[in-house]
Structures are given as C-alpha cells and as structure tokens.
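Worksheet for the structure shown next.
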Number of protein chains: 4
Amino acid sequence: MDKRLQIIEAGMKLFVENDIQATPMSAIAKEAGTGMGTIYNYFATKEELINEIYLFIKQKQLQHASLSNQQDGVKPQFLQFAETFITFLLENPACFYFIDQIKNSPILTSETKLQGLRVYQPFLEILVKGQQQGIIKNIDIEEILHFLDGGLMGFLRWAISNGKCTDRSIVVNHIQMAWDSIKS
Amino acid sequence: MDKRLQIIEAGMKLFVENDIQATPMSAIAKEAGTGMGTIYNYFATKEELINEIYLFIKQKQLQHASLSNQQDGVKPQFLQFAETFITFLLENPACFYFIDQIKNSPILTSETKLQGLRVYQPFLEILVKGQQQGIIKNIDIEEILHFLDGGLMGFLRWAISNGKCTDRSIVVNHIQMAWDSIKS
Amino acid sequence: MDKRLQIIEAGMKLFVENDIQATPMSAIAKEAGTGMGTIYNYFATKEELINEIYLFIKQKQLQHASLSNQQDGVKPQFLQFAETFITFLLENPACFYFIDQIKNSPILTSETKLQGLRVYQPFLEILVKGQQQGIIKNIDIEEILHFLDGGLMGFLRWAISNGKCTDRSIVVNHIQMAWDSIKS
Amino acid sequence: MDKRLQIIEAGMKLFVENDIQATPMSAIAKEAGTGMGTIYNYFATKEELINEIYLFIKQKQLQHASLSNQQDGVKPQFLQFAETFITFLLENPACFYFIDQIKNSPILTSETKLQGLRVYQPFLEILVKGQQQGIIKNIDIEEILHFLDGGLMGFLRWAISNGKCTDRSIVVNHIQMAWDSIKS
DNA sequence: CATGAATGAGAATTCATTCAT
DNA sequence: TATGAATGAATTCTCATTCAT
C-alpha cells in the first residue's frame with residue numbers, strides 16, 4: 001500500500017545486490033511492483049531516491065540506538081551504544097552494505113551527509129562527557145569519531161562477508177578494541 | 001612516452017575527480033594525450049583498467065612501506081609501519097581516494113583483491129609476533145586487521161577532506177589510538 | 001502506429017539497400033520514425049531484429065503459398081506452388097534480396113532456420129506424393145529441395161537484377177526447367 | 001615466403017570460419033604470420049583483399065575445369081564439365097563457402113564479377129552448341145546459366161553441410177537433374 | 001495518482017588504416 | 001620491404017526521465 005516505502009525497500013535491496021550503477025530504475029519499479037512513472041511521483045531523480053534511502057536507514061539506526069541510553073557512567077554508555085549500533089547493522093546487512101557503498105559518494109548531498117551525522121549525536125555527547133571527566137583521550141572529537149566509525153565499518157564488512165553475524169564473541173572483541181583506543 | 005603509465009595516471013586522476021562511473025574512457029584518452037583505441041591496446045576493458053590502477057597503487061604502497069622495517073621491537077615496528085602507511089596516503093591523496101572508492105566494489109576481481117592484500121603482509125607478521133609475545137590482544141588476526149584498516153581509512157578520509165594532511169599531531173594521535181586498541 | 005511493424009519494414013528496406021553491416025541501428029530508427037531506444041523495446045539486439053525480419057518474410061511467403069494448393073495432380077500442384085512462390089518474390093524484390101542475403105549467414109539462429117523451413121512443407125508433401133506415384137525421381141528429397149531452391153534463387157537473382165520481373169515468359173521457362181529436372 | 005599467397009590463404013580460411021565482417025585484418029596478419037602493415041603492401045584495402053581472394057578461387061576453378069574439355073559430344077562435355085566443377089568445390093569446401101558467402105555482396109566490384117564469369121565460358125560454349133544442335137532448350141542462355149549455378153550452389157551447400165562430400169551417388173544425381181532441366 | 005512505451009544523449013568498444021622505425 | 005603501435009570515427013546498446021492515457 002505505502003508505495004513510497006515499497007520503492008525504498010526495493011531500491012535498497014537491488015542497489016545492494018547489484019551495485020547502484022548497475023540497477024536501472026525500471027528494475028526497481030518491477031521489484032516494487034509499481035510502474036516506472038510512480039517512482040518519479042515520489043522521488044524527483046534517481047539521486048534523490050538514493051539520498052532518501054540513505055536517510056531512511058539512518059533514521060532506523062537512530063530509533064534503534066536511542067531506545068536505551070539511560071545508563072549513567074560514560075563507559076557503560078559507550079559500550080551500550082556501540083553494541084546497539086553494531087547489532088543493528090549485523091542484523092540488517094542490507095542496511096550495512098548500502099551505507100558502506102554510498103557513504104563517500106558524491107551522490108549524497110552535503111545536506112544529506114549532515115543529517116546522517118545526527119545518528120552520532122548521542123555518541124558525541126558521551127565522548128564529550130568522557131573527555132570532561134578525563135576518561136577519554138583528549139583528541140579532536142571528530143578525529144576520534146572517524147577513527148571509530150571507520151574501524152566499525154571495516155570490522156562489519158569483514159564480519160558480514162565471512163558469516164560471523166551470529167558470533168557474539170567478535171562483537172565483544174570489537175567493542176573492547178574500540179574502547180581501548182579512546183580511553184585515556 | 002610510456003603510454004601505459006600515462007593512461008594509468010590519467011585514469012586515477014579523473015576517477016578520483018569525477019567518480020568512476022562519471023568518467024568516460026574518452027575523457028581518459030584526452031587527459032592521457034592518446035587516442036581512444038590506444039587505451040584498449042593496453043587494457044581490454046574499463047574494468048581491467050580500474051583493476052590495474054588499483055594494483056599500481058598497491059604496488060607503490062608496498063614499495064613505500066618495505067623501505068624500513070628493520071626495527072626490532074614489536075611496538076616500534078608497528079608504529080613505524082603505521083606511520084609510513086599513513087604518510088604515503090596523506091602525501092598521495094589521489095591514491096587514497098581511489099582506493100577508498102574502489103576497495104569494496106565488485107569491479108575488483110577476487111584475484112586483484114588477493115594481490116592487494118600483500119601490502120599488509122609485513123603488518124600481519126608484526127601482529128603475529130606481538131601476539132606470540134603476549135603484547136597484542138589475542139583476537140583473530142583478521143578481525144584486528146580489518147578494524148585497523150577501517151579506522152585508518154576513516155581517519156584519512158576525515159583528515160584529507162579537512163585539509164589536515166600536513167598536521168603531524170593528528171598522525172601521532174591516530175597511531176596512538178591504533179596501538180592502544182590492539183595492545184594487551 | 002504499429003511501431004514493431006514500422007521497424008521491421010524500415011529494417012528490411014535499409015538492409016537490402018545498403019547491406020546489413022552497413023546499416024546502423026540509428027538509420028533504421030530514423031527510417032522508421034522512432035527513437036533509437038524504441039527499437040530495443042521490441043528487439044533485444046540487432047541480430048534479433050534480423051532474425052525477426054527473416055521470419056516475417058517467411059510468414060508472408062507461407063500465407064501467400066498456402067492460398068491455393070487444392071489442385072489434385074502432382075504436376076499441377078507442383079507448377080502451381082512453384083509459380084506462387086516465384087511470383088511472390090518477383091513482386092516483392094526487397095523480400096527476395098533480404099532472404100538471399102541472409103539465408104546462409106550464421107546470424108540466423110538454428111531455431112530461426114528451422115522455422116523458415118516450414119515454408120517448404122507443402123512442397124515436400126507434393127514431392128513425396130510424386131515419388132510414391134513414380135512421377136518424380138527417386139532421389140533424397142532434401143537433395144531435390146536444395147537443388148530447386150538454389151536454382152530458384154539463382155534465377156530470381158538474375159531476373160530481378162535485370163529487370164525481368166514483369167516478363168512472364170521467363171517464369172514459364174523456369175518452371176519448365178524445374179519440373180524437367182525432377183520428373184522421372 | 002610468398003607473402004601475398006600466405007595472406008590470401010589466411011584470409012580465405014578466416015573469412016570462411018568467422019564471417020567476413022567478423023574477421024579483422026589483424027587476425028589475418030596473425031594467421032598469415034606477417035605484420036599488419038604487410039597486408040597493405042599487397043592489398044590497398046580490405047575490400048581489395050576480398051576481391052583478390054574471389055579472383056584467386058575463380059582462377060583455380062578455371063584451371064581445374066579447363067584440364068579436360070576435349071570430348072566432342074555436347075552431352076558428354078556437359079557432364080564432364082559439371083562433374084569437374086562440382087568435384088573441385090566438394091574437395092575445396094573453403095573455396096565453396098567463400099564464394100557462396102561473397103557472390104552477391106556489393107563488396108565485389110562489377111569488374112571482379114565480370115572476371116569471375118569467365119569460369120563459365122567453356123560452359124556457355126557447350127550450351128550454345130547444344131542449342132544450335134537442338135539438344136538444349138531454347139531459353140535465354142543467361143537464364144539457364146543462373147538456374148544451373150544456383151542449383152549447383154544450393155546442392156553443394158546441402159552436401160557439404162551434411163558431410164556428403166565423399167558420397168559419389170549424390171554427384172551423379174545432381175548432374176542428372178541438371179542435364180534433365182536443360183535438355184530439350 | 002498510476003502507468004509504461006517512447007525517447008535520445010551518452011558510453012564502451014572495435015577495427016581499418018597509417019606511418020615512423 | 002616489413003612491422004605493429006597508435007589512431008578516432010563509427011557502431012551497438014543502455015537507461016534516466018517524460019508524458020499521454
């Protein structure tokens with residue numbers, strides 16, 4: 001019924017399966033069970049569709065992460081946030097692959113990239129608090145963020161590609177490395 | 001004179017400036033100062049050209065990194081290797097952007113990806129030695145590698161995009177985080 | 001209005017005028033009054049278009065020939081069939097040229113060639129009946145067929161090239177030679 | 001040693017195996033064991049090469065046929081000529097395929113076609129003599145020729161494609177049909 | 001809103017021919 | 001005379017987007 005959602009989901013599926021540039025809009029229409037023109041009623045261009053899929057995923061990530069950040073200590077909050085973050089992507093590999101594929105592409109507008117960063121807002125606050133308390137290294141917060149984000153994505157790429165999605169020990173390992181890298 | 005090299009360099013330049021799928025072979029020919037057909041005397045398809053550019057960069061990375069690994073301790077070796085690695089990419093941003101853009105694309109053949117991994121061989125040996133000496137965390141070596149690689153690329157993406165290429169302090173920060181994340 | 005038909009007819013016309021390999025798809029589009037892409041909505045490749053034109057002509061031949069084969073004797077039936085066959089091609093020289101040009105080309109799939117042979121079905125039946133009645137030489141039916149077909153095409157090539165299309169006497173001559181060659 | 005001959009033979013071989021338009025000059029150079037440019041020392045264009053191959057085959061046909069036409073009667077001469085003609089092509093299928101492929105192509109110049117017709121000169125003389133003696137149908141000599149030529153080629157196409165090259169009975173059948181078709 | 005046939009600019013690739021060695 | 005790397009015009013085919021129904 002919700003054509004817009006159908007199109008977003010069909011697009012994500014095919015973009016991930018075949019690469020964005022190898023996925024014609026017609027294939028998305030077919031997968032979504034709509035006509036070609038219908039897509040253009042909701043998204044002005046292919047690029048806009050891609051941007052909207054990106055934001056759709058980011059939205060889901062945010063919902064997932066914000067459910068539980070009521071802990072008080074910096075370290076527990078960090079661990080908690082990292083785990084929910086990882087878990088979401090491990091459980092939604094299509095989301096991971098899409099984000100990984102598009103993250104650095106000029107197809108994303110700077111506005112979209114900016115909105116995407118909101119997902120990290122809770123994370124930034126934790127880091128800042130940690131720095132104030134002297135628990136976390138006194139390094140430019142953005143530098144830390146990009147290091148952690150890159151490490152996370154690299155780890156997930158390996159984990160998902162090698163079918164380790166259900167192996168909890170590697171998640172623990174990863175969070176351990178992440179925390180050790182930034183604690184004072 | 002060396003047409004092959006001219007083409008590789010023109011390809012890298014344009015692929016990085018405009019995105020691969022937005023760069024027609026004709027543009028590469030023009031940039032390289034050759035005819036269209038000449039490219040196809042050296043590379044059977046656009047995909048082969050891309051694979052060869054990837055291997056060309058990896059080759060340069062390897063030469064750069066292997067210059068100096070005569071240190072004896074695990075930590076100094078690690079720091080040394082990480083620094084040369086980072087330095088090379090900071091000084092050759094086009095190489096970084098190309099690798100970052102193509103690394104996970106299905107355009108790269110598995111054979112190419114395999115050859116690309118050779119760059120990390122010295123690194124792997126350091127990590128293994130470190131684990132044997134109990135200096136480095138006892139985590140699957142591949143997991144560590146992908147975490148570090150992802151973190152490095154994420155950090156470089158940020159550093160290069162924000163014009164921090166010449167700021168030596170951030171390199172130090174990064175190496176610090178990298179080492180802390182894996183040491184026991 | 002019927003784009004498919006327009007394209008088939010434009011293709012036949014140009015292929016015959018200029019040779020197949022000298023006729024770009026763009027020229028066909030122009031002649032048919034459609035866009036380039038429209039052709040590819042109906043025919044997946046140039047080769048498929050060629051195959052379909054061949055079958056289109058064969059279809060027309062079949063319709064033309066099957067109108068009148070109610071005669072009873074073998075000889076009258078033979079003469080009748082031969083004449084309708086010749087007449088059709090004499091009156092549709094473009095069809096003749098196209099068939100003559102493509103008949104032995106590897107561009108035609110074996111499936112297409114097989115379907116094309118259906119045109120000769122009524123003819124084969126006449127020949128078989130003639131052999132049973134001892135009227136026709138007792139030679140492998142396929143050998144006879146290829147001799148007659150070759151002779152017919154050779155004759156038409158000459159007749160059409162020399163503007164004898166309307167000269168009824170040569171048709172009579174031809175049929176005479178054809179019949180004499182196979183009668184016991 | 002004789003580069004010209006090597007090139008002609010390589011060209012015939014590849015044109016027959018792959019179709020003319022699918023055979024690049026570079027492939028011919030390779031097959032002939034010469035450089036690309038060498039071909040152009042002997043033949044100004046690809047078309048000229050094709051014309052020369054055609055004439056080369058016609059030349060061989062002529063030599064083969066003219067060996068033995070000393071018989072005196074019209075019918076024996078006819079049978080003799082037809083048989084040598086058929087035999088040559090059955091024994092040299094590449095020649096047959098090449099001629100069959102190119103015979104009606106606009107690639108052949110009218111001059112080339114004219115020269116090619118010389119092969120039939122002895123045949124024409126036999127036919128004329130036969131007509132004068134009332135042995136052969138009183139039909140335009142060219143019409144007869146094209147009928148016979150077409151029938152012959154059609155028959156050979158079938159015979160060679162179906163591996164009947166060594167089956168002498170079909171040659172006899174064919175000559176029988178040919179003679180019956182033209183005799184008074 | 002929904003549809004999908006029509007469109008044509010644009011891309012990869014081929015290959016006959018040239019010419020410097 | 002022999003060579004084969006270099007050339008670029010020409011060709012097939014794709015696909016984002018439009019618009020009449």
Side-chain angles (χ1 to χ4, degrees), chain A residues 1 3-4 6-7 20-30 32-50, chain B residues 1-4 6-7 20-30 32-50, chain C residues 1-4 6-7 20-30 32-49, chain D residues 3-4 6-7 20-30 32-50:
Chain A
M1 277 307 135
K3 299 261 178 196
R4 197 186 128 91
Q6 283 171 6
I7 293 165
I20 287 178
Q21 50 96 259
T23 304
M25 294 296 263
S26 56
I28 296 174
K30 202 172 169 189
T34 74
M36 289 266 312
T38 305
I39 296 182
Y40 286 87
N41 286 336
Y42 293 96
F43 308 96
T45 64
K46 188 181 187 184
E47 300 208 347
E48 184 174 316
L49 171 59
I50 292 166
Chain B
M1 279 307 132
D2 183 345
K3 298 263 177 194
R4 198 186 128 91
Q6 280 171 255
I7 293 163
I20 286 177
Q21 50 94 259
T23 305
M25 293 296 263
S26 55
I28 296 174
K30 203 170 170 188
T34 73
M36 286 266 315
T38 305
I39 298 181
Y40 287 89
N41 286 342
Y42 292 95
F43 308 97
T45 62
K46 189 181 186 183
E47 301 208 346
E48 184 174 316
L49 171 59
I50 293 167
Chain C
M1 280 306 133
D2 183 346
K3 299 265 176 193
R4 198 187 129 90
Q6 280 171 256
I7 292 164
I20 287 177
Q21 49 93 261
T23 305
M25 294 296 262
S26 56
I28 296 173
K30 203 170 169 188
T34 72
M36 285 266 317
T38 305
I39 297 182
Y40 287 88
N41 287 341
Y42 291 95
F43 308 97
T45 63
K46 189 180 186 183
E47 300 208 346
E48 185 174 315
L49 171 60
Chain D
K3 299 261 177 195
R4 198 187 129 91
Q6 282 172 6
I7 292 164
I20 288 177
Q21 50 96 260
T23 304
M25 293 296 264
S26 56
I28 296 174
K30 201 172 169 190
T34 73
M36 289 265 313
T38 306
I39 296 181
Y40 285 87
N41 286 337
Y42 292 95
F43 308 97
T45 64
K46 188 182 186 182
E47 300 208 347
E48 184 174 317
L49 170 59
I50 293 166

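Since the structure is predicted, the reported quantities are computational estimates derived from the model, not experimental observations. Convention: sequence-line order gives letters A, B, ...; per-chain numbering from 1.
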Can you tell me how far P of E:dC1 sits from CZ of A:R4, to the nearest Å? 12 Å
Counting heavy atoms from C-beta on, name the nucleotide in E:dA12, F:dT17, E:dT17 closest to the side chain of D:M25. E:dT17
Which heavy-atom pair separates D:A29 from D:I39 by the least distance, and what is that distance? N-CD1, 3.7 Å
For DNA chain E, report each stem as range with range, ordered by first number, or say none. Use Watson-Crick or G-U wobble pairs under 3.5 Å, at least 3 in a row. E:2-21 with F:2-21
Taking the minimum atom-to-atom distance to the side chain of A:K3, which one of E:dA2, E:dT7, F:dT12 wins? E:dA2
Rounded to whole angstrom, note down the P distance from F:dT21 over to E:dC1. 22 Å
Atom CD1 of B:I7 and atom P of F:dA5 are separated, to the nearest Å, by 13 Å
Spacing between C:Q6 atom CD and E:dA6 atom C1', to the nearest angstrom: 12 Å
Starting from the 5' end of DNA chain F, give me the residue, C:S26 or A:I20, whose nearest nucleotide shows up first. C:S26
Do any side-chain atoms of residues 43-50 of chain D form donor-acceptor pairs under 3.5 angstrom with protein atoms, and if so which ones, sequence neighbours left out?
{"from": "D:T45", "atom 1": "OG1", "to": "D:E47", "atom 2": "N", "distance (Å)": "3.3"}
{"from": "D:T45", "atom 1": "OG1", "to": "D:E48", "atom 2": "N", "distance (Å)": "3.0"}
{"from": "D:K46", "atom 1": "NZ", "to": "D:I20", "atom 2": "O", "distance (Å)": "3.3"}
{"from": "D:K46", "atom 1": "NZ", "to": "D:T23", "atom 2": "O", "distance (Å)": "2.9"}

Can you tell me how far C1' of F:dT18 sits from NZ of A:K46, to the nearest Å? 17 Å
How is B:Y42 classified with respect to the nucleic acid when contacts are heavy atoms under 4.0 Å: base, sugar-phosphate, or nothing? sugar-phosphate
Output the rounded distance in Å from CD (A:E48) to P (F:dT17). 10 Å
Restricting to non-hydrogen atoms, name the atom on A:P24 and the atom on A:A22 that form the minimum distance, rounded to 0.1 Å. CD-O, 3.4 Å
To the nearest Å, how far apart are C:Q21 CD and E:dT14 P? 17 Å
Sub-4.0 Å heavy-atom contacts from residues 33-41 of chain B onto DNA chain F, ordered by number: B:T34, B:G35, B:M36, B:G37, B:T38, B:N41
Would you say D:R4 and D:I7 make side-chain contact, with heavy atoms under 4.5 Å? no
From CG of B:L49 across to P of E:dT13 the rounded distance in Å is 10 Å
